[in-house]
Amino acid sequence: MTFFKLSTSLISIVYKRSLLDQCYVCDIRREGTLCSSCQKLLQRNHSHCQLCSRPTAVTVTLCGECQQTLPSFDRIIAPLRYEGLCRGLIRKAKFENQPHLLRPLVTFIIDHLIEHDIALPTAWCVVPTSQQSLSERGYCQTTLIADLLSKAPTLASMQRIVLKRRLEVSAQHTRSKAERHSLSHRLFYTEERVPEQVLLIDDVVTTGSTAEACAKALRLAGAKRVTVLALARTSE
Ligand SMILES: [Zn+2]
Ligand SMILES: [Zn+2]
């Protein structure tokens, strides 16, 4: 088992140099991506299931769904709730051709990892965007998130694994929960033999069915432990 510990000072140096001096949301001059007023508008996922990160009234070891069926992933780290400003930024990044709006959210995630001294697995992959979304959007938002993360020395020296989609189906957000669940179990695969510990990067975790399908594919390829890192979590 190998873990890569975050270096607070290195991340700060690399990141502070690349920051702009205006808030990404309200344009107030600011040394950072979001001013303090806009930061307060991000809903922290303070109380949640400790396994799947589903928002709950109080933090629980396992939520009802995880108690019913243990997922194939071992943990989801999702520091924000998919509400308000966070939801607005992600939707604009995904559907309104404003991918730069992912940056303040990734900055928040990096700060969260540092603050809570969270260790990440040394191998990582992203949830691949469908071909349809990729041609509509022109970019893969999860790859952009990984690229931003890799600017901090959290992932730079880590092994990248390529996860692929087996079938081309229409975008997940247009489908019902039941449809997504049945389709997702045959969506993903990798041609590589993967290490025991893998980090899976996603933008938003909704039902958890995509993370489940990816984790299953990674386990089939040799992973023993799959940690999911997402910008945000819905309460779905
Ligand atoms: Zn602002
Ligand atoms: Zn749960």
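All ligand and atom numbering here is 1-based and tracks the order in the structure. We're numbering straight along the sequence, starting at 1. Atom set for the values below is all heavy atoms of this structure, side chains included, hydrogens, waters and symmetry mates excluded.
Annotation: angle subtended at the Zn ion (ligand 2) by Cys52 SG and Cys66 SG is 110°, to 10°. Rounding to the nearest 10°, we obtain 110° for the angle at the Zn ion (ligand 1) between Cys38 SG and Cys23 SG. Centred on the Zn ion (ligand 2), the SG atom of Cys63 and the SG atom of Cys49 lie at an angle of 110°, reported to 10°.
Across every non-hydrogen atom of Leu200 and Cys214, the tightest pair is CD2-CB, 3.5 Å.
No salt bridge links Glu196 with Arg225; every basic N to acidic carboxylate O contact stays at or beyond 4.0 Å.
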Practice problem: Evaluate salt bridge (Lys or Arg N to Asp or Glu O under 4.0 Å) for Arg219 paired with Asp74, printing each intermediate quantity in order. | Solution: CA-CA 11 Å; Arg219 281 182 180 276; Asp74 294 85; 2.9 Å; yes
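Checked by atom type, the side-chain pair Tyr82/Arg233 shows no donor-acceptor distance below 3.5 Å.
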